[in-house]
Trainee: 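First the structure, which I've put down as structure tokens, then a few questions once you've had a look.
Quick note: residue numbers are just sequence positions, from 1. Each ligand, and each atom within it, is numbered from 1 in the order the structure gives.
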Amino acid sequence: MASEKKAASRASAAKASTNGKVVAAEPTFYETVESNFERAAACVDYPRGLLDQIKVCNSVYMVRFPVRIGNDIQVFTGWRVQHSHHRLPTKGGIRYADHVSEDEVMALAALMTYKCAIVDVPFGGAKGGIKFNPKNYTEEQIERITRRYTMELIRRNCIGPAVDVPAPDYGTGPREMAWIADTYQAVSTGQIDSLACVTGKPLTQGGINGRTQATGRGLYFGVREALSTVEDAKLFGLTPGLDGKRVIVQGLGNVGYWAAKNLQQGGAVIVGIAEYEGGIFDRNGLDVDEVFNHRKSTGSILNFKNAKNYKNGNALLEVECDILVPAALENQINASNAANIKTRMIAEGANGPVSAGAEQILLKRGIHIIPDAYLNAGGVTVSYFEWLKNLSHVRFGRLGKRADESSYTRIVAAVESLTGKSFSELERKVLVHGADEADYVDSGLEETMIEAYRQVKYAYHSNRKVKDLRTASFVVAIDKVAKSYMELGIFP
Ligand code: NAD
């Protein structure tokens, strides 16, 4: 409870006068996660001690290590936080950014516990980070920093297929995961499962088809499910279906790009995209791949054909749309801009993009949020599939694909002989296709996102104390983690 008091006192004492303007300071990211937890804790009936055990971070490691940069030695600071050991291994991404802090990594680790529980992925939550901006370093220097950080994790038994399994996050991707796997394997001779020490690896290094796009694609499945019926869509004041829905996306990185691309393919119109250098808007729609290539070739999202430029990308968050997808960083929608947001639905691609204070303002204005702990869980879901693939040492579909295709071919032949009609080459190819790894991963992701939304929706409608989807998702998570502790007999 001390931390709630601290959060409350921060929030109230936080009115500071700057240049004559009264500015309400925000709770920290970790305080926001804790206050979200407490909102849900008030809706369930578990002993306070058990709730405290679920809420706290079990282990917080901070490491400082030297790396040669040019002719000098630079000291880097990194963290690995394991929030909950109720399931093992713990799991969570690694972030590289100059704003990484202990508070941020703790918040992200806690979110991972709730996220894994919501989508029934059997891991405890963890997160890691190094405080530096990779844009200021060469590829070779980033490799050295990554490998040295991995060694620090190995020394502390903070990485391993059964212990703690990192993945990509902001500022990292398959390249960094390959370096981590290679460093771990170099010191774990004879461990047959060593590749499962990290997920999000390139396909050639033990990765899985579909991991790169998983978080954005999962977001698409979640938003589609939230708008699948008249009844569901009514919560957001929208008509059902994605067709023609106007979407603004913040951040064209891994999550933002794949979310925007999938929403566009699903029928939505991407009217705005914001990056740190500015934003672009076109009411007739922006082609996501064209924007991506334009940014790649010019170095900026700005000056895209027919689009209006916004020098301040954050101003685009306040432009009217149906669905706003913050997919960059935390606290982007806060007390300073919440009153100006003009959307019907906020679909959280990033972790913690809406501060606790902003959420109350938005809910009062009838703007509902599909929360991060559910909506961006596609990444960890497919990471789970990658971990399973590494442990089983066989790609999904390898054993059954041809057998399935033989049966489908026989069925097609029987249908042709019974009807006297024959299918075209293309029709036959589609009909007899046996599922391969990409099909299984996509099917598992779709099923996971739909089933988890139904559980969150059930908690929202069945518990009268629950007033919003974030609280509903935390209720689902607390329920599952609490049961796993109770099964151990630790709590009555
Ligand atoms: P990324 O580094 O690939 O992309 C982030 C993008 O946001 C970059 O293009 C960056 O330039 C942009 N950006 C930064 N500040 C911005 C600002 N103020 N306005 C507009 N754009 C800005 O990172 P990512 O992996 O896509 O992660 C984004 C968010 O999603 C993070 O909160 C992360 O924790 C969360 N997340 C990522 C994954 C994953 O699988 N990568 C999974 C779950 C959650």
Trainee: Please determine whether salt bridge (charged side-chain N to carboxylate O under 4.0 Å, His left out) holds for the pair Glu446 and Arg224, giving the CA-CA distance in whole Å, both sets of side-chain angles, and the decisive distance to 0.1 Å.
Mentor: CA-CA 10 Å; Glu446 184 173 13; Arg224 191 190 68 184; 2.7 Å; yes
Trainee: Strictly by modelled atom types, are Tyr460 and Gln455 linked by a side-chain donor-acceptor pair under 3.5 Å?
Mentor: no
Trainee: Give the residues near ligand 1 by chain and number, with the criterion being a heavy-atom distance under 4.0 Å.
Mentor: Arg95, Asp169, Tyr170, Gly171, Arg211, Thr215, Gln250, Gly251, Leu252, Gly253, Asn254, Val255, Ala274, Glu275, Tyr276, Ala327, Ala328, Gln332, Gly349, Ala350, Asn351, Asn376
Trainee: Tell me if a side-chain donor or acceptor on His86 pairs with a main-chain N or O of Thr113 at a distance below 3.5 Å.
Mentor: no
Trainee: Would you please say whether a donor-acceptor pair under 3.5 Å links the side chains of Glu318 and Asn337?
Mentor: no
Trainee: Could you list the residues that satisfy side chain to side chain donor-acceptor pair (under 3.5 Å) with Thr150, not counting sequence neighbours?
Mentor: none
Trainee: Is there a donor-acceptor pair closer than 3.5 Å between any side-chain N or O of Asp439 and the backbone N or O of Asp436?
Mentor: yes
